[in-house]
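Data block below; observations after.
All values reported here derive from a predicted model rather than from experimental measurement. We count ligands from 1, going down the list as the structure has it; atoms in each ligand are counted the same way.
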Amino acid sequence: MRMIFIGPPGSGKGTQAQLLSQRLGLLHFATGDILRDAVAKDTPEGQRAKPFMTGGQLVPDIIVNDIVNARLRSKNRPVKFIMDGYPRTLAQANSFDAVLKEQGLDLDAVVFLNVGDEEIVRRNGARWTCINPECKATYNTLTRPPLTPGRCDLCQHLLYQREDDDPATIRRRLQYFHEQAAGILDHYARQGRLIEVPGRGDIEAIYASIVKALGK
Ligand SMILES: [Zn+2]
């Protein structure tokens, strides 16, 4: 099984990709981890990616493509994998198609974990953190609310929303995701490989839907 896993930030994509890789015996090919690894090992690709990563910028397509290609052309290349975080752009998708073809590896499926923007904002925007640096307890107003709204149960300090959980930040990230993903989803739909799975329910329910959609 070789698949690409796509989902908006905050959709639970990473959790599902990890479960799939463990249970189906696939390599979890997380490009973020591979990039960090290449930088840590100071490989030629890592040296090229480093300035962008340390500057907090997106690593250009050509560098990410080279890193993925190098991995797929290596002697111990993965043959069963789940791509998580790649391809992220149409240019990356085209490059990935080419290297898979070159290596004689066919792609089985492209899974799109679809969770609506409002649901993602609702889920992530429900997270609150204790402002006390000695405590930092976290709460979720949907699943684990504090006893007194806006106050930490443990130390009575105020709760606040971290910038990552702020609805405006989440919406900006989602908008960027949609801009990038539209072209990729269309690309794989044309190839007849796209499978859309609604990301509703708990972790195991979503996992079961994905496995069913894959026909496994
Ligand atoms: Zn606290």
*Is any NZ, NE, NH1 or NH2 atom of the basic residue among D66 and R48 found under 4.0 Å from an Asp or Glu carboxylate oxygen of the other?*
yes

*What residues form a side-chain hydrogen bond (donor to acceptor under 3.5 Å, both in side chains) with T31, not counting sequence neighbours?*
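So T31 forms no side-chain hydrogen bond (donor to acceptor under 3.5 Å, both in side chains) with any residue.
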
*Between the side chain of Q16 and the main-chain N/O of I203, is any donor-acceptor distance below 3.5 Å?*
yes

*Can you list the protein N, O or S atoms less than 2.8 Å from the Zn ion (ligand 1)?*
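You should have found C130 SG, C135 SG, C152 SG, C155 SG.
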
*With sequence neighbours left out, what residues match R123 under salt bridge (charged side-chain N to carboxylate O under 4.0 Å, His left out)?*
E119

*Tell me the ring pair (Phe, Tyr, Trp, His ring centres under 6.0 Å) pairs involving residues 78-100, sequence neighbours left out?*
Y86-F96

*Any side-chain heavy-atom pair of S21 and L27 under 4.5 Å*: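 Not in contact.
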
